[in-house]
Number of protein chains: 2
Amino acid sequence: MTTPQLTKNQSLVFDVLEKAEGPLSAYTILDKLRDHGFRAPLQVYRALEKLLEYGVVHRLESINSFVACAHPGDDCHSHGIVAFAICESCGQVMEFHDHEVDHRLMGWVRGQKFKPEKTTIEIRGLCEACAA
Amino acid sequence: MTTPQLTKNQSLVFDVLEKAEGPLSAYTILDKLRDHGFRAPLQVYRALEKLLEYGVVHRLESINSFVACAHPGDDCHSHGIVAFAICESCGQVMEFHDHEVDHRLMGWVRGQKFKPEKTTIEIRGLCEACAA
DNA sequence: TTGCAGATGTTATGTTATTACATCAATTGC
DNA sequence: GCAATTGATGTAATAACATAACATCTGCAA
Ligand SMILES: [Zn+2]
Ligand SMILES: [Zn+2]
Ligand SMILES: [Zn+2]
Ligand SMILES: [Zn+2]
């Protein structure tokens, strides 16, 4: 997916996510953008919808939050599964791809005649700093 | 985890999930149990909390729903990662384990000095019947 | 019997996400 | 130019998901 020019709201939301230390909820993003004229959740959700579509932002299902992609420009996203390690203490997120994991999962679903659309892999735990 | 005797509310919630065709949201469970005296969400959430702890129910993070374990008595759960394939059309859920996937993911996080606590793998798509 | 722990009941509130409808701006075809 | 279309935006209301706070009850052990 090639990323088109972002609109004003999309840029604002994306900038907030890029500058953030970790994942943010839609309502946290909303609060950070009130000074820029944001008033309603929908302004955030609509921007996020596009940013997710363009692949520049990921949604973390297990914590209802959003994070800027850590590998911008990496076309792995278009044909591979992304996995996340999320620190439950500091919120830091690590993002990675593994073709072997991808292979195993896709092999299994194919055997079940299941047609995959979207896969979520999220590992919650403690990062090195927080586990110490 | 050995499952202790379930309390009244836990049994009611578990029975609803076992008899269901697919995953249910907490509020759907609540509605199904109003005839049995359930009045508030917390009655459901408290029962679910225990059932999740005992490993007899799983939470599907990507659809905010809960499903009875498809492999009761299988102690794989205590040391392995569970993955789900969720049909977005009919709601059917398939549950499986794969030690190779487990290995790869855990190998990667160990390399990052990340201490994993809970892992979510959920594949949304279409089951064989619905994809036809 | 008293004290405790675990389960339950109830109300209120907090958090996340969507529906419905109006308006605005840029583009296209006439 | 000007209507028609399309995509983006603004706003209010509501739906859906989850937890906090506090009271009560029940079984059991000291
Ligand atoms: Zn990414
Ligand atoms: Zn951390
Ligand atoms: Zn299971
Ligand atoms: Zn199906």
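Letters A, B, ... mirror the listed sequences (proteins, then strands); counts begin at 1.
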Using the side-chain heavy atoms of [X], tell me which of these nucleotides is nearest: [options].
X: A/A40; options: D/dT11, C/dA17, C/dT10; value: D/dT11
X: B/N9; options: D/dC17, D/dG10, C/dG9; value: C/dG9
X: A/Q10; options: D/dA8, C/dT8, C/dT18; value: D/dA8

To the nearest angstrom, how far is [X] atom [atom1] from [N] atom [atom2]?
X: A/L30; N: C/dG14; atom1: CG; atom2: C1'; result: 15 Å
X: B/L42; N: C/dT13; atom1: CG; atom2: C1'; result: 12 Å
X: A/D31; N: C/dT15; atom1: CG; atom2: P; result: 10 Å
X: B/K8; N: D/dC25; atom1: NZ; atom2: C1'; result: 12 Å
X: A/L60; N: C/dA17; atom1: CG; atom2: P; result: 11 Å
X: B/Q5; N: C/dG6; atom1: CD; atom2: C1'; result: 15 Å
X: B/L12; N: C/dG9; atom1: CG; atom2: C1'; result: 15 Å
X: B/L24; N: D/dC17; atom1: CG; atom2: C1'; result: 15 Å

Rounded at 0.5 Å granularity, tell me how far [atom1] in [X] sits from [atom2] in [Y].
X: A/T7; Y: A/R46; atom1: OG1; atom2: CZ; result: 10.5 Å
X: A/H97; Y: A/D102; atom1: NE2; atom2: CG; result: 10.5 Å
X: A/L17; Y: A/H58; atom1: CG; atom2: NE2; result: 11.0 Å

Test for a donor-acceptor pair under 3.5 Å between the base of D/dA15 and the side chain of B/Y27, counting only N and O atoms.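 Donor-acceptor pair under 3.5 Å: no.
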
Measure across [X] and [Y] and return the closest heavy-atom pair with its distance rounded to 0.1 Å.
X: A/F114; Y: B/C87; value: CE1-N, 3.8 Å
X: A/L30; Y: A/A40; value: CD1-O, 3.8 Å
X: B/A47; Y: B/N9; value: CB-O, 3.9 Å

Is there a side-chain contact between A/L33 and A/V13, using heavy atoms and a 4.5 Å cut-off? yes

Run through A/E122, A/R124, A/E61 and flag the one making a side-chain hydrogen bond (donor to acceptor under 3.5 Å, both in side chains) with B/T120.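 With B/T120 as partner, side-chain hydrogen bond (donor to acceptor under 3.5 Å, both in side chains) holds for just one option, A/R124.
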
Would you please classify the geometry between the B/F66 ring and the B/Y45 ring as parallel, tilted or perpendicular, with 30° and 60° separating the classes? perpendicular

Under 4.0 Å, heavy atom to any atom of DNA chain D: which of residues 45-52 of chain B qualify?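 Within residues 45-52 of chain B, the residues near DNA chain D are B/Y45.
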
Report yes if at least one side-chain N or O of [X] is closer than 4.0 Å to OP1 or OP2 of [N]; otherwise report no.
X: B/Q43; N: C/dT8; value: no
X: B/N64; N: D/dA18; value: yes
X: B/T7; N: C/dT8; value: yes

How sharply is the helix from C/dT1-D/dA30 to C/dC30-D/dG1 bent, taking the axes over five pairs at either end and rounding to 10 degrees?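 One end's axis against the other's: 10°.
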
How would you list, by chain and number, every residue that makes a salt bridge (Lys or Arg N to Asp or Glu O under 4.0 Å) with A/D15, sequence neighbours excluded? none

Reading DNA chain C from 5' onward, which residue's closest nucleotide shows up sooner: B/F38 or A/S25? B/F38

